[in-house]
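Within every chain, numbering begins at 1; the chains are lettered A, B, ... in the order of the sequence lines, protein sequences first and strands thereafter. Everything numeric here is computed off the predicted structure, so don't read it as measured data.
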Amino acid sequence: MIRLGLCCIFHEEPIRFRRTTAAALKKLTAKERDEKLSGICRDNAAALAAAITYCSKNGIGAFRVNSQILPLKTHPEAGYELVDLPGGKEILARYEACGQLREQCGLRLSFHPDQFVVLNSPRPEVVASSVRELVYQAEVAEWIGADVINIHGGGGYGDKPSALLRLRDAVQALPVAVNERLTIENDDRTYTPSELLPVTNETGVPLVYDVHHHRCLPDGLSEEAATAAAIQTWNREPLFHLSSPRNGRDEGADPKPHHDLIDPADFPDSWSELDITVEVEAKAKEVAVKRLQEDLTACGIPCAWQVADSKDR
DNA sequence: AGCGGTCAAGTTGAT
DNA sequence: ATCAACTTGACCGCT
């Protein structure tokens with residue numbers, strides 16, 4: 001059955017994650033800074049618990065965690081360790097409690113580091129800060145039981161073969177906690193599934209197949225073939241991405257921006273019978289997931305995730 | 001209370 | 001050369 005996933009935030013449900021900026025922190029005293037960060041990290045643990053509970057009660061089987069859940073964690077000046085903040089040990093325990101809740105609910109958690117994580121950059125400082133960010137997300141993933149940290153292939157730099165070799169080498173040099181969760185996703189302007197598959201196969205890193213990106217940047221592989229090849233890369237439940245274009249697919253319109261909702265016609269026929277996670281990238285968030293759930297169910301595609309399902313498997 | 005400007009970071013492609 | 005887009009608005013300071 002299909003496990004639908006919600007990405008990061010809520011549209012209508014009043015669950016909010018807090019954040020701050022390095023500029024705002026800079027204006028505070030050291031004590032004020034630590035207390036502000038501590039408060040945000042504590043509130044975000046509570047918001048994560050609320051998100052897990054919401055998903056579990058609404059048939060949503062997966063949730064993507066915002067990269068800023070511990071805001072500015074790896075910032076060169078504002079960075080910190082959670083346990084060094086006021087009440088840090090107790091906040092850590094709250095994240096570990098989220099992990100237990102996740103397990104009880106049979107929910108799958110993932111991370112999607114933002115665009116600044118580029119493992120194949122020719123600039124060593126960019127790779128170094130990317131690794132720092134991945135190590136931070138892997139640490140939180142460990143606490144809460146997330147099994148996916150998903151990144152893109154990176155830049156092309158006018159020489160994709162070399163760039164892909166750098167990607168492979170950088171992946172192989174990652175710490176185990178990152179490597180065992182890392183996945184790579186085809187994007188909508190640089191790397192297609194067929195370009196990434198040699199790297200994923202060589203490194204043992206699974207491919208997250210984004211069918212909308214594949215439609216924006218095709219490579220000759222059919223959706224069925226890309227789906228099958230991606231599934232082969234997974235040693236656990238495969239995870240794919242789905243979105244619909246805001247401007248439709250008319251000639252001349254940019255197909256890349258995401259729509260508020262998912263057009264059920266965009267759900268690939270070849271996915272109907274699979275046991276996979278499908279993260280829904282749509283601006284209306286949980287509203288879009290619920291709508292898709294109804295639309296797929298009406299088509300006879302089961303996708304309302306229940307706790308019992310995860311125990312029966 | 002409401003509103004506009006700002007916020008760590010990379011890369012691409014459209015204008 | 002500039003800027004929007006990308007997984008995603010939230011927060012702060014001003015009126």
Side-chain angles (χ1 to χ4, degrees), chain A residues 5-11 14-28 32 36-37 39-40 43-44 47 51 62-80 109-134 136-137 146 148-160 163 166-167 170 183-192 208 210 212-213 216-217 239-243 245-247 252-260 278-286 288-289:
Chain A
L6 171 65
C7 296
C8 305
I9 56 175
F10 292 80
H11 185 60
I15 299 174
R16 296 287 176 263
F17 291 89
R18 297 178 59 202
R19 58 202 326 188
T20 186
T21 64
L25 289 178
K26 214 169 180 176
K27 296 175 186 164
L28 305 176
E32 289 168 335
K36 183 180 179 73
L37 285 167
I40 293 175
D43 287 353
N44 285 353
F63 182 70
R64 181 191 297 172
V65 180
N66 178 350
S67 295
Q68 297 278 349
I69 187 141
L70 306 183
L72 301 166
K73 173 75 167 62
T74 66
H75 186 279
E77 282 118 44
Y80 55 92
L109 294 178
S110 70
F111 283 84
H112 195 353
D114 58 31
Q115 61 270 36
F116 310 108
V117 170
V118 183
L119 283 182
N120 73 343
S121 174
R123 297 163 52 195
E125 70 276 17
V126 171
V127 178
S129 61
S130 298
V131 172
R132 264 166 65 79
E133 182 71 17
L134 289 170
Y136 140 57
Q137 297 198 15
V148 165
I149 301 176
N150 179 42
I151 62 171
H152 291 289
Y157 307 98
D159 180 1
K160 285 196 203 176
R166 284 199 305 276
L167 177 62
T183 64
I184 302 179
E185 175 192 351
N186 62 300
D187 64 79
D188 54 13
R189 54 185 67 202
T190 307
Y191 289 115
T192 63
V208 169
D210 186 314
H212 175 63
H213 288 166
C216 295
L217 184 66
L239 187 149
F240 295 165
H241 285 180
L242 179 64
S243 49
R246 185 200 301 161
N247 310 315
D254 184 352
K256 294 194 290 299
H258 292 168
H259 196 102
D260 290 346
V278 176
E279 288 188 338
V280 174
E281 296 184 331
K283 299 206 173 287
K285 300 298 168 185
E286 84 281 9
V289 178

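A:His112 places a side-chain heavy atom less than 4.5 Å from the side chain of A:His152. Put simply, the side chain of A:Lys285 does not reach to within 4.5 Å of the side chain of A:Phe10, judged on heavy atoms. For the pair A:Leu167/A:Leu119, a side-chain contact is recorded, criterion being any heavy-atom separation below 4.5 Å from C-beta on. Counting heavy atoms from C-beta outward, A:Glu279 and A:Phe240 have side chains that stay 4.5 Å or more apart.
Heavy-atom minimum distance, A:Pro245 versus A:His259: O-ND1, 3.7 Å. What you find for A:Pro113 and A:Asn150 is that their closest heavy atoms are CD-O, 3.2 Å.
Contacts of A:Gly154 with the nucleic acid, taken as non-hydrogen atoms under 4.0 Å apart, are absent. Within 4.0 Å (heavy atoms only), A:Glu77 reaches no atom of the nucleic acid at all.
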Letter by letter from the 5' end, nucleotides 4-11 of chain C scores (B base, S sugar-phosphate only, - none; protein heavy atoms under 4.0 Å) --BBBSSS
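Remark: the A:His213 side chain and the A:Glu185 side chain contain an N/O donor-acceptor pair separated by less than 3.5 Å.
Across the P atoms, B:dA8 and C:dC12 are found 12 Å apart, a figure rounded to whole Å. Taking atom P on both nucleotides, B:dC7 is separated from C:dT8 by 22 Å, rounded to a whole Å. Comparing C:dC3 with C:dT7, their P atoms sit 22 Å apart, to the nearest whole Å.
A donor-acceptor pair under 3.5 Å is formed between the side chain of A:Asn186 and the backbone N or O of A:Asp210. Judged purely by atom type and a 3.5 angstrom limit, A:Tyr136 uses its side chain to pair as donor or acceptor with the backbone of A:Leu70.
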Would A:Thr183 and A:Leu239 count as a side-chain contact (heavy atoms from CB on, under 4.5 Å) here? Give the steps. CA-CA 9 Å; A:Thr183 64; A:Leu239 187 149; over 6 Å; no
Could you please spell out the steps behind the side-chain contact (heavy atoms from CB on, under 4.5 Å) verdict for A:Asn120 and A:Tyr191? CA-CA 12 Å; A:Asn120 73 343; A:Tyr191 289 115; 3.7 Å; yes
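Reading DNA chain B from its 5' end, the first and the last nucleotide to sit under 4.0 Å from a heavy atom of chain A are B:dC7 to B:dG13.
In DNA chain C, stems built from 3 or more consecutive Watson-Crick or G-U wobble pairs, each with both distances under 3.5 Å, span B:1-7 with C:9-15, B:10-15 with C:1-6.
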